[in-house]
Number of protein chains: 2
Amino acid sequence: MYAPERQQEILRLARDGGRVDVVSLAEEFQVTAETIRRDLKALDRAGLLRRVHGGAIPAGRLDFEPDLAERETTAADEKDRIAKAALAELPEEGTMILDAGTTVARLAGALPLEASLTVVTHSLPIAARLADHPGVQLHLIGGRVRHRTRAAVDAWALRAYGEIRADVVFLAANGFSAEHGLTTPDLAEAAVKRAALAAARRVVLLADSAKHGQEHFARFGGLDEVDLLITDSGLSPEDATAIERGGTEVLCV
Amino acid sequence: MYAPERQQEILRLARDGGRVDVVSLAEEFQVTAETIRRDLKALDRAGLLRRVHGGAIPAGRLDFEPDLAERETTAADEKDRIAKAALAELPEEGTMILDAGTTVARLAGALPLEASLTVVTHSLPIAARLADHPGVQLHLIGGRVRHRTRAAVDAWALRAYGEIRADVVFLAANGFSAEHGLTTPDLAEAAVKRAALAAARRVVLLADSAKHGQEHFARFGGLDEVDLLITDSGLSPEDATAIERGGTEVLCV
DNA sequence: CCCATGTATGCCCGTTCATGCCCACATCGA
DNA sequence: TCGATGTGGGCATGAACGGGCATACATGGG
């Protein structure tokens, strides 16, 4: 049996049964657990399955985002502190743009109930979180929705951001450094981030220190375009001063 | 049972019952209270639940939820049957528009995992449901988000619908009748519905029979613009034939 | 026909994850 | 204010994971 056949069959089993587990599959197909894990990883990457510890669940069956909840465990405390610190940067009664990203999502979740703001976002999870916030006037940016990040991209999103002007944007990046600027793996997403960045008077970057020095495929701006960087104390003082020399205020929490 | 499955189930229980508590959940799932606490913390971090001492309540349930919870349970069986029947109207490999509404949301949740479709929607809950679906190319319609329905309205939404052409639209209405057509309480929402209606070659209306004869403030179309009405058997045969005389096919399930 | 290259799989082993247990501390209700 | 109950941190454990390497088989060009 060829690997693609096996994967096809695994997918069928997962959809039929609602779940699969590594050891039973290994037994079933007479291969080792490693091979099954490789299969599941491939199917997960293809977006067809959701990998969980011990097995997998067909994509589309859970209406919450395990990958988001999972990534939440990575540097969760730092992200929380960063989000808390970002609350101080909220405009009073103004307009802000929220980029897609787990740290920014935390900020959205931490918005005080008595806040009165206009929020613009192209992130589906963030919009869902703010849709019932009594003080938030929410504006959703449309577009094609990327499965992995659940964020809207492409023409509609770019045009919409081109038509607005906000007081502040809270931006996320997968990598940042003084030399290579702000980067993210996906080109389409980078384009939207660039548009969001250009639509705000003030740019606040929320990124934990593990992102520093990382470079990804698509660059959407330079650190000099960022007015304030909020990160955690994992950023070395030398790096911080180097960034501040570029005109970006740095806040380590 | 995997942790994400358990969390999904906890979320469902919380939404159904309005609240959950640690000890009952621990008993229910045959795990210790610590594990449940960890689950609740994860769901809290993901913004789906709000942790309280001894348990948790669904997020954002405080102001608008009773309304939605009630609507969810009202005529749940009928809505499910209607949604199931609507599955037969899906285009093959085509494009469809999903209007905002609980019945349409059920249709979205019932889409087979192996379906391959392009879906356009201005409803946040429906988008959230489909964002994870492997076979769905999702396009989100932007705009101002109404708190009550969590649907995008206003200029951006109208323009976006004006730019597309879909095979079919699955429409919802708060009231319908041969005399007064399709109505809904909100003007802005009616405008979007009208735009969605105009953007599709075929119009399918999903509405349980309790909606028949009801009239609301804003009218967004006539029953003659509807190609197919799917409703439940609560619609009297006379009413059904009256509607069919207007050129609308009627399916009672 | 041969050998270089690539791919699928298996095996080993240090690392991570989910869960349970324990205990000091916080919170709630009377 | 006090006892009961819930909470979160630390630690232990067994299962699952994944990177690195070896093997075997297929592929493809000379």
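Lettering of chains follows the sequences in order, A, B, ..., and the numbering in each one begins at 1. Values in this document were obtained by computation on a predicted structure and should not be read as measured data.
- The shortest side-chain heavy-atom distance between A:Trp156 and B:Ile141 falls under the 4.5 Å cut-off.
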Check your understanding: Under the ring-ring contact (aromatic ring centres under 6.0 Å, His included) criterion, do A:His53 and B:Tyr2 qualify, and how do the steps go?
Key -> CA-CA 7 Å; A:His53 199 86; B:Tyr2 302 127; 8.8 Å; no

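- Here the C1' atom of nucleotide C:dC17 and the NE2 atom of A:His53 are 4 Å apart, to the nearest Å.
- Against DNA chain D, the stretch residues 19-40 of chain B makes heavy-atom approaches under 4.0 Å through B:Val22, B:Arg37.
- At a cut-off of 3.5 Å, with distance as the only test, no side-chain donor of A:Gln214 or A:Ser177 sits close to an acceptor on the other residue.
- Using a 4.0 Å cut-off, some side-chain N or O of B:Arg6 falls inside it from OP1 or OP2 of C:dT19.
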Exercise for review: Begin with the C-alpha distance, continue with both residues' side-chain angles, and end with the deciding distance and a verdict on side chain to side chain contact (heavy atoms under 4.5 Å, CB included) for A:Leu98 and A:Leu130.
Suggested key: CA-CA 11 Å; A:Leu98 294 184; A:Leu130 292 179; 3.9 Å; yes

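- The closest side-chain heavy-atom distance from A:Arg81 to A:Asp232 is below 4.5 Å.
- Using a 4.0 Å cut-off between charged side-chain N and carboxylate O, B:Arg45 and A:Asp80 make a salt bridge.
- On the nucleic acid side, DNA chain D has its first and last nucleotide under 4.0 Å of a heavy atom of chain B at D:dG6 to D:dG9, going 5' to 3'.
- Under 3.5 Å, the side chains of A:Thr184 and A:Lys193 contain no donor-acceptor pair of N or O atoms.
- Contact check on A:Lys211 versus A:Asp208 returns a salt bridge, with a Lys/Arg side-chain nitrogen under 4.0 Å from an Asp/Glu carboxylate oxygen.
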